[in-house]
Peer 1: 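Below are the structure tokens for one structure; questions will follow.
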Amino acid sequence: MTPAEIVKKLFLLGEMYTVAQSLSDEAAEIVASDYGYQLQIVSPDEEEDLLAEEEVDDESQLTPRPPVITVMGHVDHGKTLLLDKIRQTDVVGQEHGGITQHIGAYQVHKNGRAITFIDTPGHEAFTQMRARGAQSTDIAVLVVAADDGVKPQTVEALSHAKAAEVPIVVAVNKIDKEGADPTRVRQQLTELEVVPEEWGGNYPFVDISAKQGTHIDDLLDVLLLVADIQDLKANEKAPPRGVVIEAHLDKGRGPVATVLVQRGTLRVGDIIVCGTAWARVRAMLDDDGKPLNEAGPGSPAQVLGFNAVPEAGDDFRSAPDERGARQIAQDRESRRRVADMVSRKTVTLEDLYEQTREGELTELNVILKADVQGSLEAVQDALEKMKMEEVAVRVIHRAVGAITENDVTLAVLKPVFVEDITGRAQVRATFKVPKIGTIAGCYMEEGKATRGQKVRLLRDGVVVSDTTVSSLRRFKDDVREVTSGYECGVGLDNFHDIKEGDVLEFYEVREVPRD
């Protein structure tokens with residue numbers, strides 16, 4: 001139906017709508033039933049699920065794939081150092097303050113078999129990133145320091161892994177340190193219903209030292225064993241599909257996304273749609289930055305060629321062509337925008353009255369920019385959790401990339417405009433000038449007057465006109481500025497009712513940014 005037909009139908013049914021308005025659920029149901037349709041109202045996400053084709057693979061098409069392993073645990077318990085030892089690279093040295101900032105995906109080989117690792121930050125602010133890491137994984141490695149024991153984020157990481165229903169392998173790290181007590185770690189985790197296999201439970205425990213490289217091979221063997229029990233397989237010949245682990249805007253390369261392929265094989269030149277972004281894969285890189293031509297199931301890859309930075313956690317799927325991909329992305333964008341408009345609460349007079357009555361809760365509007373999507377979510381989450389009595393933090397815009405002029409225009413507090421009085425003059429005579437109007441013959445009592453600046457005309461202490469200086473003369477010469485102690489002729493813009501005894505107050509308006 002065209003929008004005009006629906007507006008006409010609503011009019012005949014006694015409902016007044018314009019083409020630009022969103023229909024209420026009730027109005028939509030009325031129209032649908034009048035046309036003989038049964039209406040199902042869903043969110044944009046649910047609509048995506050309804051539109052997504054159910055992909056069922058034939059058992060004969062499935063081949064073994066590498067396990068995807070997420071490393072979790074409390075901050076500074078040695079997760080990145082463990083991966084570091086496995087990869088024999090120095091990721092830790094590059095991290096800010098020794099804390100992992102972004103999710104990284106890496107692939108290593110053991111006994112000729114590939115294992116994919118996802119490194120998630122252990123810092124408290126990165127809850128969402130860590131939760132997302134657990135949802136796209138086959139096995140979770142919970143790293144606990146033997147000298148520090150179970151900490152709040154250890155429990156949090158454990159909850160995410162359990163919620164994702166993935167097998168958990170516990171790596172008891174730092175066994176080489178003084179005060180290390182692996183037995184105490186086992187007791188603490190047993191209290192959280194994570195009972196070690198050697199104590200009759202279901203959870204494999206491996207005592208390691210990431211720093212010394214002790215028992216790292218044993219840990220990898222256990223991971224491969226757990227993976228074998230799961231019998232992980234995928235169809236590598238199917239259309240590529242997977243999830244975005246992380247995404248950021250690179251100055252030289254544009255939007256870059258770290259993806260994990262879960263089904264099919266992603267190749268350079270493929271067209272994929274990811275949330276409201278789409279890409280023709282221009283290039284792919286492995287975790288060392290070396291070019292890749294293809295990435296199969298269970299493999300990570302950095303993908304270049306997106307039109308915009310995709311959301312971390314979004315699924316990606318293949319599309320038949322660029323036009324189709326662009327259309328899907330645009331449709332999702334418009335649906336999301338409409339959903340946001342509908343869900344956005346309108347402030348009523350009653351709301352304003354209520355806020356005033358309660359002492360007027362001030363909103364601090366924040367524009368959030370970060371280098372990668374995961375950091376953005378973490379910072380927003382931390383800001384919104386801050387409890388302040390007088391100020392509520394509201395993130396009005398968030399995006400990946402550098403701060404732009406538009407961000408500054410959109411930001412936060414309105415500036416304060418301050419008036420500075422620069423000079424004062426008394427009108428001692430008036431002159432009528434043909435084609436110009438009345439000119440005030442003035443004596444500058446203090447300060448200075450400049451051509452083009454703002455001026456107020458006061459009569460008996462009352463402001464009669466607020467205008468600008470259109471002309472400024474000394475004798476017969478046009479001048480730019482006149483200072484105190486001099487006589488001058490002043491012309492006012494669009495005001496000629498000047499009388500002797502009037503006072504001219506010259507001023508400037510200054511914009512002062514607020515803290």
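All of these numbers come straight from a predicted model, not from anything done at the bench.
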Peer 1: Please list all pairs passing the salt bridge (charged side-chain N to carboxylate O under 4.0 Å, His left out) test where one or both residues lie in residues 250-262, with sequence neighbours left out.
Peer 2: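 Residue pairs with at least one partner in residues 250-262: Asp250-Arg253.
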
Peer 1: What do you reckon, is CG of Leu13 surrounded by more than 12 foreign heavy atoms closer than 6.0 Å?
Peer 2: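 Yes, CG of Leu13 has more than 12 neighbouring heavy atoms, counting only those of other groups under 6.0 Å.
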
Peer 1: If you draw a 6.0 Å radius around OH in Tyr35, do more than 12 non-hydrogen atoms from other residues or ligands fall strictly inside?
Peer 2: yes

Peer 1: Minimum heavy-atom separation for Val281 and Arg267, please, with both atom names.
Peer 2: CB-O, 3.8 Å

Peer 1: Any donor and acceptor pair, going by atom type alone, linking the side chain of His248 with main-chain N or O of Asp371 inside 3.5 Å?
Peer 2: no

Peer 1: Can you tell me how far the OH atom of Tyr203 sits from the CD atom of Glu197, to the nearest 0.5 Å?
Peer 2: 11.0 Å

Peer 1: Evaluate the side-chain proximity of Val226 to Gln230: yes if any heavy-atom separation is below 4.5 Å, no if none is.
Peer 2: yes

Peer 1: Taking Thr70 as the fixed residue, which of Thr116, Asp138, Thr137 is the one that meets the side-chain hydrogen bond (donor to acceptor under 3.5 Å, both in side chains) rule?
Peer 2: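 Between Thr70 and the candidates, side-chain hydrogen bond (donor to acceptor under 3.5 Å, both in side chains) is satisfied uniquely by Thr137.
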
Peer 1: Heavy-atom distance under 4.5 Å between the side chains of Ser24 and Tyr17, does that happen here?
Peer 2: yes

Peer 1: Could you check whether any side-chain N or O of Arg263 sits under 3.5 Å from a backbone N or O of Pro240, counting only pairs where one atom can act as donor and the other as acceptor?
Peer 2: no

Peer 1: Between Ile118 and Val68, is there a side-chain heavy-atom distance shorter than 4.5 Å?
Peer 2: yes

Peer 1: What distance do Asn173 atom CG and Gln212 atom CD have between them, rounded to the nearest 0.5 Å?
Peer 2: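 So the gap between those two atoms works out to 10.5 Å.
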
Peer 1: At what distance, to the nearest 0.5 angstrom, does CD of Gln107 lie from CG of Leu260?
Peer 2: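 Going from the CD atom of Gln107 to the CG atom of Leu260 covers 9.5 Å.
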
Peer 1: Flag the pair Val155 / His74 as yes when at least one side-chain heavy-atom distance between them is below 4.5 Å, and no otherwise.
Peer 2: no

Peer 1: In Å and rounded to the nearest 0.5 Å, what is the CD to CG distance from Glu29 to Leu23?
Peer 2: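 Going from CD on Glu29 over to CG on Leu23, the span is 11.0 Å.
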
Peer 1: Please walk me through it: do Asp231 and Arg65 pass salt bridge (Lys or Arg N to Asp or Glu O under 4.0 Å)?
Peer 2: CA-CA 9 Å; Asp231 192 26; Arg65 67 164 176 84; over 6 Å; no

Peer 1: Val268 vs Asp270, test: side chain to side chain contact (heavy atoms under 4.5 Å, CB included). Steps then yes/no.
Peer 2: CA-CA 6 Å; Val268 173; Asp270 282 352; over 6 Å; no

Peer 1: Does Asp315 pair with Arg241 as a salt bridge, N-O distance under 4.0 Å?
Peer 2: no

Peer 1: What's the verdict on side chain to side chain contact (heavy atoms under 4.5 Å, CB included) for Leu285 and Leu304, showing C-alpha distance, side-chain angles and the deciding distance?
Peer 2: CA-CA 8 Å; Leu285 309 168; Leu304 281 66; 4.2 Å; yes

Peer 1: Would you name the heavy atoms of Pro66 and Ala114 that are closest together and state the gap between them?
Peer 2: CB-O, 3.3 Å

Peer 1: Check whether any side-chain heavy atom of Met72 sits under 4.5 Å from a side-chain heavy atom of Val144, and report yes or no.
Peer 2: no

Peer 1: Within the supplied structure, the quantity of interest is the number of heavy atoms (other residues, nucleotides, ligands) at a distance under 6.0 Å from Lys162 NZ; does it exceed 12?
Peer 2: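 Yes, the 6.0 Å shell around NZ holds more than 12 heavy atoms from other groups.
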
Peer 1: In this structure, are over 12 heavy atoms from other groups packed under 6.0 Å from Glu198 atom CD?
Peer 2: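 Atom CD in Glu198 is crowded, with more than 12 foreign heavy atoms closer than 6.0 Å.
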
Peer 1: Would you sort out whether Arg398 and Glu311 count as a salt bridge (Lys or Arg N to Asp or Glu O under 4.0 Å), showing the intermediate values?
Peer 2: CA-CA 12 Å; Arg398 51 170 247 188; Glu311 291 269 344; 3.3 Å; yes

Peer 1: Got a sec: does the CG of Asp321 have more than 12 other heavy atoms crowding it under 6.0 Å?
Peer 2: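 Yes.
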
Peer 1: Identify whether the distance between the nearest side-chain nitrogen and carboxylate oxygen of Asp148 and Lys174 falls below 4.0 Å.
Peer 2: no

Peer 1: Is the shortest side-chain heavy-atom distance between Gln302 and Met284 below 4.5 Å?
Peer 2: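 The answer is no, as the side chains (C-beta and beyond) never meet within the 4.5 Å cut-off.
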
Peer 1: Does the Lys211 side chain pair with the main chain of Gly78, one donor and one acceptor, at a distance under 3.5 Å?
Peer 2: no

Peer 1: State, to 0.1 Å, how close Thr276 and Ala329 come at their nearest heavy-atom pair, and which atoms those are.
Peer 2: O-CB, 3.5 Å

Peer 1: How long is the gap from CH2 on Trp199 to CZ on Phe205, to the nearest 0.5 Å?
Peer 2: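 If I round to the nearest 0.5 Å, the distance is 8.0 Å.
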
Peer 1: Looking at every heavy atom in both Thr154 and Gly149, which two are closest together, and how far apart are they?
Peer 2: OG1-O, 4.4 Å

Peer 1: Testing the basics here: between Ser299 and Ala295, what is the closest heavy-atom pair and its distance to 0.1 Å?
Peer 2: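 Taking every non-hydrogen atom into account, CB-CB, 4.2 Å.
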
Peer 1: Would you please say whether a donor-acceptor pair under 3.5 Å links the side chains of Thr265 and Glu236?
Peer 2: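 Per modelled atom types, Thr265 and Glu236 side chains form no pair under 3.5 Å.
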
Peer 1: Return yes if some donor-acceptor pair links the side-chain N/O of Asn307 with the main-chain N/O of Trp278 below 3.5 Å, else return no.
Peer 2: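 Checking the backbone N and O of Trp278 against the side chain of Asn307, a donor-acceptor pair under 3.5 Å is found.
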
Peer 1: Side chain to side chain contact (heavy atoms under 4.5 Å, CB included) for Ile115 and Ile69? Distances and angles first, verdict last.
Peer 2: CA-CA 7 Å; Ile115 309 171; Ile69 291 154; 3.2 Å; yes

Peer 1: Going from NZ on Lys369 to OG on Ser375, what distance comes out if it is rounded to the nearest 0.5 angstrom?
Peer 2: 14.0 Å

Peer 1: Between Val169 and Leu219, is the side chain to side chain contact (heavy atoms under 4.5 Å, CB included) condition met? List the steps.
Peer 2: CA-CA 9 Å; Val169 174; Leu219 177 63; 4.0 Å; yes

Peer 1: How about Phe316 and Val243: do any of their side-chain heavy atoms sit closer than 4.5 Å?
Peer 2: no

Peer 1: So, are Asp228 and Arg113 salt-bridged, with charged N and O less than 4.0 Å apart?
Peer 2: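 Salt bridge flag = yes for Arg113 with Asp228.
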
Peer 1: Looking at Val166 and Ala140, what are the two nearest heavy atoms and their distance?
Peer 2: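 It is CG2-CB, 3.9 Å.
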
Peer 1: Any heavy-atom pair between the side chains of Thr190 and Val194 that's under 4.5 Å?
Peer 2: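 No, their side chains stay 4.5 Å or more apart.
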
Peer 1: Using a distance-only test with no angle check, is there a side-chain donor-acceptor pair under 3.5 angstrom linking Glu5 and Thr2?
Peer 2: yes

